Amino acid sequence: MISNEQLEGLYSPVVAAVRAEATKLLKGAAADLQQFARDITANVLVAVQHGDEKLRQELHGQLEVLAETHRLRASRASMKVLGSVLDSLAKGLEIGLGVAIKAAV
Amino acid sequence: MKHLFILSVLLLAVSCATTTVNTESITDVVQVVVERHDAYVRSDDSLSTGEKLAFLSESASLLALTTDQTEIDAPTHEALVNSVCARHDQYVTQDSALPALHREVYLRSSVLLVRLFKEASIGSSPSSPTD
C-alpha cells in the first residue's frame, strides 16, 4: 500500500511544474488571485493522483484565466497612473494659461 | 502640449486594453463550461424544446466568440457569459452524483470567467471619485 506521502513524491514533478507555472503567471498578483492559484494547485495534485487528465486540463485552463485577470488589473493600474499624470499636466497648463492671460491683460 | 497629446494617446491605448479579454487565455475553460452546460441542458426533461434550443444557442454564441476572435470586448459580452455560467452553476450545484472535488473545480471555472468579465467591464466605465 502506497502512502499519501509516497504518492505525493511520485507526482511531485508534475505538481512542481504546475506550481512553477502558477508562480510565473501570477508574479506580483493580488492576494485573492494567489489564493485561487493555491487552491488550483492543491486540486491538481488530487487530479493527477486519480489520473483525471480532463480535470487536470481544466485546472490548467483556470490558471490561464487567472493570469488574464492579473494582466487586466495591471493594465488598469497603469491607466490610473497615466490618468493622474495627464491630470497634473492639464492643471499645469491651465495655471500657465491663466498666468499668461493675466500678464497680457 | 506635445507631451499632453502623447499621454492622451497612451491613456487611450491602455484604456482599451483593460476592457478587452484575450481569448487564448479563456478558450479551454469556456469550452469545458459550455460542454457541461450543453450536456445538462440536453438531458433536462423539464425544459421545452424551445427553451433547450435557446439555451444551446446562447452557449454556442459564447463558444463562437472564443474561437472566432483573438480578443473579446468584455462589456459587450458580459451578460452572455453571466447567463451561461449561472445556468451551468445551477446544474452543477444540483447534480448530487458529482464528487466534491469535481463540483469545486467546475464551479470555480465559471466563477473565474464571471470575475474576469466583470473586472474587464469595470474598466470600461469612468472611475468613481473614490477610486
Side-chain angles (χ1 to χ4, degrees), chain A residues 21 25-26 29-30 32-33 35-94 96-97 100, chain B residues 1-33 35-36 66 71-72 74 81 99-127 131:
Chain A
E21 192 181 352
L25 284 173
L26 297 165
D32 60 330
L33 299 187
Q35 184 57 53
F36 272 120
R38 277 194 289 274
D39 293 345
I40 291 168
T41 313
N43 289 158
V44 168
L45 176 64
V46 185
V48 172
Q49 281 175 353
H50 286 84
D52 195 332
E53 181 57 19
K54 204 175 174 190
L55 198 66
R56 195 197 64 74
Q57 279 180 1
E58 181 163 351
L59 289 162
H60 185 265
Q62 289 182 356
L63 278 180
E64 289 186 344
V65 178
L66 270 186
E68 179 65 4
T69 309
H70 178 43
R71 183 193 69 80
L72 279 167
R73 283 188 187 176
S75 297
R76 194 169 316 126
S78 308
M79 191 176 75
K80 277 188 182 172
V81 171
L82 275 173
S84 56
V85 171
L86 199 62
D87 276 352
S88 308
L89 277 173
K91 275 177 193 158
L93 191 70
E94 205 177 305
L97 279 174
Chain B
M1 198 59 138
K2 189 180 165 192
H3 295 280
L4 207 60
F5 175 72
I6 293 168
L7 271 170
S8 305
V9 172
L10 274 174
L11 191 64
L12 186 69
V14 181
S15 166
C16 290
T18 59
T19 61
T20 310
V21 172
N22 180 2
T23 52
E24 202 185 337
S25 317
I26 63 165
T27 306
D28 291 347
V29 172
V30 167
Q31 202 168 344
V32 287
V33 166
E35 271 175 22
R36 246 187 328 264
T66 61
E71 287 179 335
I72 303 175
V81 173
L101 170 68
H102 287 72
R103 183 175 294 112
E104 182 188 334
V105 174
Y106 294 174
L107 291 175
R108 192 195 296 126
S109 284
S110 51
V111 163
L112 290 174
L113 284 177
V114 168
R115 275 176 76 112
L116 173 63
F117 275 78
K118 188 180 173 190
E119 292 211 15
S121 300
I122 290 169
S124 70
S125 57
S127 52
D131 273 353

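Chain letters run A, B, ... following the sequence lines, proteins first and then strands; every chain starts at 1. Not measured: the values here are computed from a predicted model.
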Next item on the list: Among A:Glu58, A:Gln57, A:Lys54, single out the residue with the greatest number of heavy-atom pairs under 4.5 Å to chain B.
Entry: A:Glu58

Notebook entry, point to check: Is the shortest heavy-atom distance from the side chain of B:Thr27 to the side chain of A:Glu64 under 4.5 Å?
Noted result: no

Check: With chain A, which of B:Asp28, B:Val32, B:Val111 has the greatest number of heavy-atom pairs at distances under 4.5 Å?
Finding: B:Val32

Next item on the list: Answer with side chain, backbone, both or neither: which region of B:Gln31 has an atom nearer than 4.5 Å to a non-hydrogen atom of chain A?
Entry: neither

Note to self: Using heavy-atom distances under 4.5 Å, tell me whether B:Tyr106 contacts chain A through its side chain, its backbone, both, or neither.
What the structure shows: both

Note to self: Is it true that, when you exclude B:Glu24 itself, more than 12 heavy atoms of the residues, nucleotides or ligands shown sit nearer than 6.0 Å to its CD?
What the structure shows: no

Note to self: Is B:Leu116 close to chain A through its backbone or its side chain, or both, or neither, when contacts mean heavy atoms under 4.5 Å?
What the structure shows: both

Check: Are any of the side-chain heavy atoms of B:Arg108 and A:Asn43 separated by less than 4.5 Å?
Finding: yes

Check: With only heavy atoms counted, which part of B:Val105 is less than 4.5 Å from chain A, the side chain, the backbone, both or neither?
Finding: both

Next item on the list: Please look at A:Asp52 and chain B and tell me whether the side chain, the backbone, both or neither of the residue comes under 4.5 angstrom of a heavy atom of that chain.
Entry: side chain

Checklist line | Shortest non-hydrogen contact between A:Glu68 and B:Thr20, atoms and distance | finding: OE2-O, 3.9 Å

Notebook entry, point to check: Could you walk me through whether B:Arg115 and A:Thr69 pass the side-chain contact (heavy atoms from CB on, under 4.5 Å) check?
Noted result: CA-CA 8 Å; B:Arg115 275 176 76 112; A:Thr69 309; 5.6 Å; no

